[in-house]
Structure formats: structure tokens, C-alpha cells
Amino acid sequence: MTAPALELTDAALAYGDRVLWSGLNLSVEPGEFIAVLGPNGSGKTSLLRAILGLQHISGTVRVAGEPVHQGNEHVGYVPQHRSSASAFAIRGRDLVRLGIDGNHWGPGRRNAAVESRVDELLEQVGASSYADVPMSLLSGGEQQRLRIAQAIANRPALLLCDEPLVSLDIPHQQAVVQLISDQGRNGTATLFITHELNPVLPYCDRVLYLVEGSFQLGTVDEVMNDETLSRLYGAPIEVIRRGDRIVVLGTDVAAGDTHHQHCHPGEEH
Ligand code: ADP
């Protein structure tokens with residue numbers, strides 16, 4: 001039997017006295033796509049950092065049946081986009097090559113096998129035509145494709161994505177979601193942090209909704225309803241289904257980050 005891509009047992013995250021979540025039990029099957037939602041500060045990024053072995057949490061975390069550790073080849077990571085031009089003087093091709101574990105390919109990372117794998121990845125994400133352009137000159141959507149190519153380079157069991165849709169327009173959001181969900185066919189499971197559930201809704205197997213101090217895990221229907229979200233936020237929340245879209249309304253929510261889940265005018269088309 002294949003080990004779960006990710007297994008959290010009685011996991012808890014606290015900074016000093018401040019408990020962000022506790023009692024989290026989560027077993028993610030190969031190929032599963034889980035959206036991680038919640039307002040800023042609810043511990044979403046910290047959860048990814050724990051799985052990357054960068055953040056201590058209590059309980060146990062296993063990736064593909066093994067305890068977590070930094071530099072785990074079973075984990076691919078698409079970090080939050082930060083527009084720091086100086087960090088992107090490198091070309092897309094170089095960024096993708098950095099995702100390839102040299103140990104698999106024998107000595108000399110720049111050998112032919114590595115280069116051919118880089119080409120294959122560039123092709124897969126549709127980035128071949130701008131692979132030699134410095135990252136800083138590329139659009140957000142183009143950079144995101146290259147980051148995904150880097151993250152999937154070692155065919156990871158688990159892909160961790162930290163708000164990969166931020167600052168992308170709707171067509172690019174769709175392309176990025178499609179690219180990431182495609183990895184599920186190879187058995188790669190995904191944890192996908194997003195403020196916008198609607199772009200991932202068609203691919204979403206389950207939702208993990210964190211609100212400071214608490215969480216809810218379940219199918220979209222189990223989590224995205226008035227009763228569950230009102231309980232989680234401790235305030236009246238209304239969840240409206242309109243066609244294949246979900247709109248979340250609530251005074252506190254609207255004032256916070258989840259207002260991004262409201263319909264954006266441009267998304268209606
Ligand atoms: P999210 O991704 O949901 O916005 P984070 O995981 O980034 O949440 O952070 C959760 C909260 O924990 C934030 O309020 C943040 O300031 C705080 N925090 C993050 N890292 C640390 C740390 N190393 N020490 C203390 N507090 C931290």
C-alpha cells in the first residue's frame with residue numbers, strides 16, 4: 001500500500017501562548033488536491049513551513065511515510081511571490097535547474113541528462129520560449145510557470161503552493177491551477193493556499209479552513225456553508241452558491257482577507 005503523501009497526527013502550532021491550531025489530523029492521499037483557506041495570520045504559511053521542516057510544531061508530520069526534514073526531495077514548494085527584482089537576475093532555465101536534485105543525475109549537475117530534464121520541464125509548463133530571459137523581465141504569470149517547473153522537477157509526492165494565484169489575472173490563474181492540478185495524475189498531492197477558492201473549486205477534493213485558534217477540514221460542501229463558517233469565525237457568515245461559484249459574505253469576513261472570495265466583476269465572464 002502506498003503511504004499517504006502527507007500525514008499530520010495531532011499536530012499543533014503555537015507561538016508562545018498563542019495557539020494557532022491544535023488537534024489537526026490530516027491524511028492526504030496521493031493525487032489529492034486540498035485548498036488551504038483562512039484569514040491572514042491563521043497559520044497557513046506556518047503549516048507549509050512545518051511540512052518543509054523549517055518550523056517546529058507538536059505532533060507528528062510525515063511526508064510519503066518519512067519524517068520531515070529540510071531539503072526533502074519528496075516535497076515541491078511554490079513560494080509566495082515577492083517582487084524582488086534583484087533576486088531574479090537569473091534566467092528561468094537556471095531557476096528550473098535549481099529544482100533538480102543533482103544526486104539523481106550523477107556528478108556534474110550540468111550534464112546532458114539534467115539539461116534534457118530542464119528542457120522537458122520548460123516544455124511541460126509552456127515556458128520554453130522565454131527560458132533564457134532574466135526572471136525580472138517576465139510577467140507574474142510567466143514567473144509562476146517557471147516556479148512551478150522548479151517545484152515539480154523531482155516529481156514530488158507533495159506539492160506545497162503558497163498563494164500562487166496572487167497578482168495573476170483570471171486566464172493566468174486558470175492556467176496555473178490547471179498546471180498544478182495536472183500533477184495529480186502523476187500521484188502528486190497538493191496543498192494549495194489561496195484567498196480565492198473559486199479558481200480551484202473544480203479541482204478541490206477537500207478544504208482545510210484555518211481561523212486563528214481553530215480549523216475545519218472536509219469536502220467543499222462540508223466546510224463552505226453558513227453553519228460551519230459562522231461557528232469557525234464566531235460571527236454570522238453567509239455562503240452563497242451561484243452556479244459553480246461560491247461567495248462568502250459576513251461583516252467580519254468582508255472586513256478581513258476573505259473578501260477576496262467575493263465575486264470579482266471580471267470573473268463573471
Ligand atoms: P498566514 O499564512 O495564515 O497568514 P502565518 O503562518 O504566516 O499565517 O502566521 C501566523 C501568525 O503567526 C502571524 O500572526 C505571524 O505574525 C505569526 N508568526 C509567524 N511566524 C512566527 C514566529 N517565528 N514567531 C512568532 N510569531 C510568528
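In listed order, ligands and their atoms are each counted from 1. Just so we're clear, the structure is a prediction, and the values are computed from it rather than from any experiment. When reading the values below, keep in mind they use all heavy atoms of this one structure, side chains included, and skip hydrogens, waters and symmetry mates.
- If you check which protein heavy atom lies closest to atom 12 (O) of ligand 1, you get Y15 CE1, 3.1 Å.
- Residue Q55 places no N or O, backbone or side chain, under 3.5 Å from any N or O of ligand 1.
- Between F33 and Y203, the ring-plane angle classifies as tilted under the 30° and 60° cut-offs.
- The atoms of ligand 1 that sit less than 4.0 Å from any heavy atom of P39 are 3 (O).
- Assignment of S42 to the shell around ligand 1 is supported, since a heavy atom sits closer than 4.0 Å.
- Distance alone, capped at 3.5 Å, is enough to place a donor-acceptor pair between the N25 side chain and the D10 backbone.
- Between L165 and H195, every side-chain heavy-atom pair lies at or beyond the 4.5 Å cut-off.
- Protein heavy atom in closest approach to atom 14 (O) of ligand 1: R18 NH2, 3.0 Å.
- Of the protein's heavy atoms, G43 N, 3.1 Å lies nearest to atom 8 (O) of ligand 1.
- Close approach of ligand 1 to K44 is summarised as follows: ligand atoms under 4.0 Å from at least one heavy atom of the residue are 1 (P), 2 (O), 3 (O), 4 (O), 6 (O), 8 (O).
- For atom 4 (O) of ligand 1, the nearest protein heavy atom (residue, atom name, distance) is G41 N, 2.7 Å.
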Inset, instruction - Would you check, one step at a time, whether the test side chain to side chain donor-acceptor pair (under 3.5 Å) holds for Y209 with T228? - result: CA-CA 10 Å; Y209 206 124; T228 305; over 6 Å; no
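- Of the protein's non-hydrogen atoms, T45 CB, 3.7 Å is the one closest to atom 7 (O) of ligand 1.
- Although no hydrogens or angles enter the test, the distance criterion places a donor-acceptor pair under 3.5 Å between the side chain of R117 and the main chain of A153.
- For ligand 1, the atoms lying closer than 4.0 Å to a non-hydrogen atom of L20 are 10 (C), 11 (C), 12 (O).
- Under a 4.0 Å N-O distance rule, the pair R241/D221 qualifies as a salt bridge.
- Neither the backbone nor the side chain of R49 comes within 4.0 Å of ligand 1, counting heavy atoms alone.
- Between E142 and R145 there is no salt bridge, since no side-chain N of the basic residue sits under 4.0 Å from a carboxylate O of the acidic one.
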Legend entry - side chain to side chain contact (heavy atoms under 4.5 Å, CB included) between R93 and D132, intermediate numbers included: CA-CA 6 Å; R93 173 180 298 284; D132 294 307; 3.0 Å; yes
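- Residue, atom and distance of the protein heavy atom nearest to atom 5 (P) of ligand 1 are S46 OG, 3.6 Å.
- Close contacts between ligand 1 and N40 involve ligand atoms 4 (O) [criterion: under 4.0 Å to a heavy atom].
- A donor-acceptor pair under 3.5 Å links the side-chain atoms of N72 to the main chain of H74, judged by distance alone.
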